[in-house]
There are 2 protein chains.
Amino acid sequence: MSASATANPVRPVQEDILNAAAHCFMDRGYSATSIDDVARSLGATKGRIYHHYRSKADLFFDVFRHGMQMNFDVLVPIAESSQPTADKLRDMAKTHCIAMIRTQHFQRCVWEGVELLQRGATTPEQREVLIELQAMRDNYAEIFRTVLEAAKSEGLARFDSSSIALQLMFMSLNSPLFWYREREGQDASTIDNIASQCALFALRGLGMKEELIADV
Amino acid sequence: MSASATANPVRPVQEDILNAAAHCFMDRGYSATSIDDVARSLGATKGRIYHHYRSKADLFFDVFRHGMQMNFDVLVPIAESSQPTADKLRDMAKTHCIAMIRTQHFQRCVWEGVELLQRGATTPEQREVLIELQAMRDNYAEIFRTVLEAAKSEGLARFDSSSIALQLMFMSLNSPLFWYREREGQDASTIDNIASQCALFALRGLGMKEELIADV
DNA sequence: TTGACAACATACCCGGTAGTATGTACCTCT
DNA sequence: AGAGGTACATACTACCGGGTATGTTGTCAA
């Protein structure tokens, strides 16, 4: 109440813009998407977007941040739980994969954002934002790396380079981003089934024994 | 000799353009890459490129085709060999992965090309080209699918959906496209080592038994 | 040597897009 | 009720980039 005026209606508007932007960016890619595209999919005009975001890049970065935040929200509780390592890793893998499917449009932006980071950035102002986003993504991967190396030291998994193992695991769990499409008859169990196959593949790939991943 | 005039010097020029284009498209993505970018990296101007290609899309398509052709060239001999299924699949997986690393810039274009196909295409003329390229890519995947299903029916591999298994395998083997970078002290053995780890991960993920993939 | 053509470079056009400047309706607080 | 601010829409500018039209140079064949 005593906070900034009109604090209540602001958030849903931002959410709408973020959702529309995420969909457009997923459909056409960052540089092929125009602000007018996003506005049109909102039934609005540029003014609406530029009232809330200073630039196309800022909008994209916020989609990135939003997507990553959603990942943290579902993963951290599992990572901080006191399960055995094998159970924890299994749980994290499948949960991550389900999140990829459920928030596909945001996660595709995260993916493309990582590529944009590797390429040349834009203004120095945005550099700082990029560094922050990069750190966010790194921290997320670090959660998995910790559990991965715990699993390895406990003899639960077998791999050579943990960096490569981490990349391979993410590629497997993220793979629905690139071939999954929403259809009509798809309910929660359909998504669950896909995530199970991906997680099973990833955990097998990491060299985990069958009895540890049987019911993923 | 009696073929089209100046058949000899034409090819190197095209190769140069394709190489430069592949590098630019990898570095900045298709739509963020301008023809001037490609020309500049050649030390030339637009005229040179538009003399050989009618449009930016045509150039990109040719990079795609070139990349796929290189894949066929190395894979088909293995696929047509009379090895046992396990050996053949192992060999194909690693060979494919090495090809991804060696011709990374072309393969990144193939990857982005697949995404462009899924999105809206451009002119109807280019539609036909796209269909041809799509078929090329599908045929390539089909080679793997055949061996994959043979492996499954022989009890060498375990997976549910063969389509998903195929996707997951490709994601693993293609993963160096997104994190591998050329450095100084990298020789053939370095690449071979990376490809081994990726192939091992993929074959494990497909549920192959350890004794079949020990020396990948 | 000269015409024809290949292989470019140069100069230009024009549509699309990021970003801005301005107008306007509505809402809130005093 | 009126002043100020929010939340947009409208109208405009500036520039970039795809594509084209035209000029220039070398080469080869007759």
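Chain identifiers are assigned alphabetically (A, B, ...) following the order of the sequence lines, protein sequences preceding nucleic acid strands; residue numbering begins at 1 within each chain.
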Using whole Å, report how far [atom1] of [X] lies from [atom2] of [N].
X	N	atom1	atom2	value
B/Arg40	C/dA9	CZ	P	13 Å
B/Ile35	C/dA11	CD1	P	20 Å
B/Tyr53	D/dT20	OH	P	17 Å
B/Leu42	C/dA7	CG	C1'	14 Å
A/Ile49	D/dT6	CD1	P	20 Å
A/Asp37	C/dA18	CG	C1'	12 Å
B/Arg54	D/dG18	CZ	P	17 Å
A/Arg48	D/dA11	CZ	P	19 Å

Looking at every strand, decide which applies to B/Thr33 at a 4.0 Å heavy-atom threshold: base, sugar-phosphate, or nothing.
sugar-phosphate
So what does B/Thr45 touch, heavy atoms closer than 4.0 Å: a base, only the sugar-phosphate, or nothing?
base
So if I take every side-chain heavy atom of [X] and compare against [options], which nucleotide ends up nearest?
X	options	answer
B/Ser34	C/dT17, D/dG18, C/dC8	D/dG18
A/Lys46	D/dG18, C/dG19, C/dT10	C/dG19
A/Tyr50	C/dA18, D/dT10, C/dC8	C/dA18

For B/Arg145, check salt bridge (charged side-chain N to carboxylate O under 4.0 Å, His left out) against everything at least two apart and list the hits.
B/Glu142
Under 4.0 Å: is that the gap between some side-chain N or O of B/His51 and OP1 or OP2 of C/dC8?
no
Does the side chain of B/His52 get closer than 4.0 angstrom to OP1 or OP2 of C/dC8 through an N or O atom?
yes
Sidechain N-carboxylate O distance under 4.0 Å for B/Arg108, B/Glu112:
no
Go through it in stages, so that I can follow the logic: the residues are A/Gln107 and A/Asn71, the test is side chain to side chain donor-acceptor pair (under 3.5 Å), and I'd like the CA-CA distance, side-chain angles, deciding distance and then a yes or no.
CA-CA 9 Å; A/Gln107 306 307 328; A/Asn71 293 345; 3.0 Å; yes
Any cation-pi pair here, B/Lys56 with B/Phe25, using under 6.0 Å and within 45°?
no
Hits for ring-ring contact (aromatic ring centres under 6.0 Å, His included) against A/Phe106, two or more places apart or cross-chain, chain-then-number order -> A/His66
